[in-house]
Amino acid sequence: MLGAIEAGGTKFVLAVSDDELTIIERVSIPTTTPEETFKKVFEFFDNYKVKAIGIGSFGPIDVNTASDSYGFITSTPKTAWENTDFIGMMKERYPVPMGWTTDVNAAALGELNYGAAKGMSSCLYLTVGTGVGGGAVINGEPLEGFGHPEMGHILVRKHTTDTFDGNCPYHNDCLEGLAAGPAIEKRYNKKAQDLSDNDDVWEVEAYYLAQALMSYTLTISPEKIILGGGVMKQAQLFPLIRNQFASLLNDYVQTPDLDDYIVSPSLKDDAGITGCLILAQRAL
Ligand code: ADP
Ligand code: ZN
């Protein structure tokens with residue numbers, strides 16, 4: 001049996017599957033304090049004999065196996081979780097092989113193996129929700145360097161009509177500071193989900209996301225770009241993003257047809273947990 005944890009800042013999804021990755025049981029618990037959350041994680045996995053566990057976590061996290069703080073959630077704005085030894089806590093209770101990467105790398109891995117990028121060797125997954133986070137799989141491997149990518153914090157050109165300063169605590173007007181759900185809410189004093197009918201909102205949003213996708217295309221050349229997260233529930237964003245992307249890129253690179261290149265996750269909300277099960281399988 002394989003175990004998986006998709007550790008998000010709002011909720012944790014826990015699952016166990018058979019060796020073919022067919023999910024046997026799955027639960028969702030709110031992310032509260034580490035003590036309380038781990039208690040529930042243990043209550044769940046204590047019922048099963050898992051031979052490996054895959055974890056895709058919110059971050060920043062330490063993914064460098066040579067580092068003393070490998071397996072830790074490090075400098076997260078969720079202060080209760082700062083310097084939490086995630087893998088250490090898990091290994092103490094379940095001494096089995098574990099896979100560990102970011103929640104978005106896990107989602108990219110899920111989509112590559114079973115979703116929108118099935119049969120390809122690379123893809124990029126970007127979530128636009130409470131924050132903006134991106135992960136990628138290149139040649140079948142989650143993309144990591146000295147650490148993991150933080151694609152949500154790249155710089156973008158301001159839209160000429162946008163007077164909002166941005167709300168990233170580190171950079172103000174980075175992509176996340178301008179385009180995540182809370183940035184939309186702060187700019188318009190209304191929740192993003194209540195602004196569906198305001199075309200200007202989505203034109204500005206698409207401008208920022210298209211710039212980001214162009215940078216990712218130019219730097220890592222993924223075969224597919226998958227956009228998930230709460231804000232992307234606004235389906236009208238997809239054609240707007242594709243149009244702006246085409247106009248910014250100006251045919252400099254021949255991408256796949258944009259309707260097939262910039263897409264939503266086929267696994268829907270299961271991309272992350274599926275990727276975590278694959279991480280478990282790979283850890284064995
Ligand atoms: P999280 O990022 O915490 O995992 P979500 O991906 O659901 O969770 O992101 C939450 C953000 O997405 C909030 O800022 C919320 O306003 C926004 N959001 C959620 N649903 C929608 C929707 N249908 N349309 C636009 N924005 C949405
Ligand atoms: Zn930032």
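As the structure lists them, so they are numbered: ligands from 1, and atoms in each ligand from 1. Just so we're clear, the structure is a prediction, and the values are computed from it rather than from any experiment.
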- prompt: Which atoms of ligand 1 sit under 4.0 Å from any heavy atom of Gly229?
  reply: 6 (O)
- line: Under 4.0 Å from one or more heavy atoms of Gly181, ligand 1 contributes atoms 14 (O)
- prompt: Can Gln211 and Gln244 be counted as having a side-chain donor-acceptor contact under 3.5 angstrom?
  reply: no
Minimum heavy-atom distance Val50-Phe45, with the two atoms named: CG1-CD2, 4.3 Å
- line: Of all N, O or S atoms in His171, the one closest to the Zn ion (ligand 2) is ND1
query: Linking I/L/V/M/F/W/Y whenever their side-chain heavy atoms sit closer than 4.5 Å, directly or via other members, would Leu218 and Val156 fall into one cluster?
result: yes
task: For ligand 1, indicate whether the residue Gln193 contacts it via side chain, backbone, both or neither (heavy-atom separation under 4.0 Å).
output: both
- request: Among all protein heavy atoms, pick out the one at the shortest distance from atom 26 (N) of ligand 1; state its residue, atom name and that distance to 0.1 Å.
  value: Ala192 CB, 3.3 Å
query: Does Glu6 pair with Arg26 as a salt bridge, N-O distance under 4.0 Å?
result: no
Polar proximity ligand 1 side, Gly230 side, N/O cut 3.5 Å exclusive: yes
query: How close does the nearest protein non-hydrogen atom get to atom 4 (O) of ligand 1, and which residue and atom is it?
result: Thr10 OG1, 4.2 Å
- line: Taking every heavy atom of Leu14 against every heavy atom of Ile5, the minimum-distance pair comes out as CD2-CG2, 3.9 Å
query: What residue among Trp81, Phe44, Phe42 forms ring pair (Phe, Tyr, Trp, His ring centres under 6.0 Å) with Phe12?
result: Trp81
- line: Of all the N, O or S atoms in His153, the one nearest to the Zn ion (ligand 2) is ND1
query: Taking heavy atoms and a distance under 4.0 Å, where does Thr130 meet ligand 1: side chain, backbone, both or neither?
result: both
- prompt: To which of Lys11, Lys233, Lys186, Glu185 does the heavy atom nearest atom 23 (N) of ligand 1 belong?
  reply: Lys233
field: Test of proximity, Thr127 against ligand 1: N or O pairs below 3.5 Å
entry: no
message: Residue-level breakdown please: for Pro182 versus ligand 1, do any non-hydrogen atoms fall below 4.0 Å on the side chain, on the backbone, on both, or on neither?
response: both
query: Counting only N and O atoms by type, is there a donor-acceptor contact under 3.5 Å from the side chain of Thr37 to the main-chain atoms of Thr31?
result: no
- request: Give the residue and atom name of whichever protein heavy atom lies nearest to atom 24 (N) of ligand 1, and the separation in Å to one decimal.
  value: Gln234 NE2, 2.7 Å
- prompt: Knowing that exactly one of Phe38, Phe58, Tyr70 qualifies, which makes a ring pair (Phe, Tyr, Trp, His ring centres under 6.0 Å) with Phe86?
  reply: Phe38
message: With a 4.0 Å cut-off on N to O distance, would you call Lys39 and Glu43 a salt bridge?
response: yes
